[in-house]
2 protein chains.
Amino acid sequence: MSPALDWPERARQALAEAGLRSGAARRQVVELLAGESCALTALEIDRRLPEIGRASVYRALEQLEELGLVQRVDLGRDAAGYERRDPGGHHHHHIVCQRCGRVIAFEDQSLERAIAALGKRSDFNVASHEVTLRGECAECAER
Amino acid sequence: MSPALDWPERARQALAEAGLRSGAARRQVVELLAGESCALTALEIDRRLPEIGRASVYRALEQLEELGLVQRVDLGRDAAGYERRDPGGHHHHHIVCQRCGRVIAFEDQSLERAIAALGKRSDFNVASHEVTLRGECAECAER
DNA sequence: ATCTGTGCAAATAGTTTGCATCCTC
DNA sequence: GAGGATGCAAACTATTTGCACAGAT
């Protein structure tokens, strides 16, 4: 079973273990994020779930982040993004076009190794990390 | 001469070459950033330069970023940070305590190498990058 | 003299909070 | 039935914009 399919179930369990009840808003946010592999902003989520109040979206995202189920990413201007966090699985980072805003995900093992080594060396108990590359995408460059 | 001492002069030149005039607000922002090695938020800058209008601070930072003189960093919640960008010189990244907000800067060559390799491999013309580690600092952990 | 830079205040945009009500356990 | 979950609206915070005036070239 793919980790992506597994995630909503893990989320349900983690939420229940945290003593949280299952309401409609948070459940729908979980379902939506389960089907997205890359980051959505809170406002995008709110737009896609018209029956859900915006405050509930923010509250759900905050809780999911605290439980380690969701990763918040700051891709640049404007709003923060939120994406599913798969535990053992690969996780990706982002490269953003400064002109058109296009976002591409990538994975890189040597990057991950360097960061893991850094974490061990530091005084911090490192829980997560985020890497963002910025520049001009191929399409924007050829204009 | 250290790159840090050199920066304000480079900034003056770059601004002049871009056809921009030298007003009091932007000059003071440049002087302030010249003396700081790590990121300040726009509001911190505004607080430290009480005679300068807040809008001018934001405008100056935006121009300096476009000219590549300043790096904008998104360290997490709240406001964006802005720090001097030294051209050839070492540049650093950040590790942030999720509890107390403390920010530590670090440099790492293998990290830089991995990112440089990634940039070459991608379709993007990568202009900058940002790495942020998050976790719990030693002091917060022992409580 | 011209045209950019600046300050102030108002407008935006994203996010958070207060509170009455709904719904899960 | 009790207490968390939700929706709405208002409050907040960071940032941007409009505009009149000051200041640099």
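Proteins get letters first, then strands, A, B, ... in listed order; numbering begins at 1 in each.
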Using whole Å, report how far CD of B:Glu65 lies from C1' of D:dT15.
14 Å
A:Asp46 has an atom CG; how far is it from atom P of D:dC8, in whole Å?
10 Å
Pick base, sugar-phosphate or nothing for B:Ala79, based on heavy-atom distances below 4.0 Å to the nucleic acid.
sugar-phosphate
Please confirm whether the backbone N or O of A:Ser128 pairs with a side-chain atom of B:Arg134, one donor and one acceptor, at under 3.5 Å?
no
I'd like to know whether CD of A:Glu139 has more than 12 heavy-atom contacts from other residues, nucleotides or ligands below 6.0 angstrom.
no
DNA chain D-proximal residues of residues 20-33 of chain B, any heavy atom under 4.0 Å:
B:Arg21, B:Ser22
Under-4.0 Å side-chain N/O to phosphate OP1/OP2 contact, A:Ser56 with D:dG7:
yes
Could you tell me whether A:His129 and A:His91 have their ring centroids closer than 6.0 angstrom?
yes
Closer to the 5' end of DNA chain C via nearest nucleotide, is it B:Gly19 or B:Gly53?
B:Gly19
Within the structure, does a side-chain N or O atom of B:Tyr58 lie under 4.0 Å from either OP1 or OP2 of D:dT16?
no
Taking the side chain as every heavy atom from C-beta outward, state whether A:His94 and A:Cys38 have any pair of such atoms under 4.5 Å apart.
yes
Can you tell me the distance, in whole Å, between the CG atom of A:Leu40 and the P atom of C:dT15?
13 Å
Proximity of A:His90 and A:His92 rings by center, below 6.0 Å
no
Specify the separation, in whole Å, of atom CZ of A:Arg12 and atom P of C:dT24.
15 Å
Give a yes or no on whether B:Glu51 atom CD has more than 12 heavy-atom contacts from other residues, nucleotides or ligands under 6.0 Å away.
no
Nearest whole Å is fine: how far is C:dG14 P from A:Arg59 CZ?
19 Å
A:Ser22 vs A:Arg12 side-chain heavy atoms within contact, under 4.5 Å:
no
Atom CG of B:Leu43 and atom P of D:dT16: how far apart are they, to the nearest Å?
11 Å
Interatomic distance where CG belongs to A:Leu15 and C1' belongs to D:dT6 [whole Å]
15 Å
Any donor-acceptor pair, under 3.5 Å, between the side chain of A:Arg54 and the base of C:dG14, if you only look at N and O atoms?
no
Whichever of A:Pro50 and B:Arg72 has its nearest DNA chain D nucleotide further upstream toward 5'
A:Pro50
Just the rounded figure in Å: distance from C1' of C:dT17 to CD of A:Glu62.
11 Å
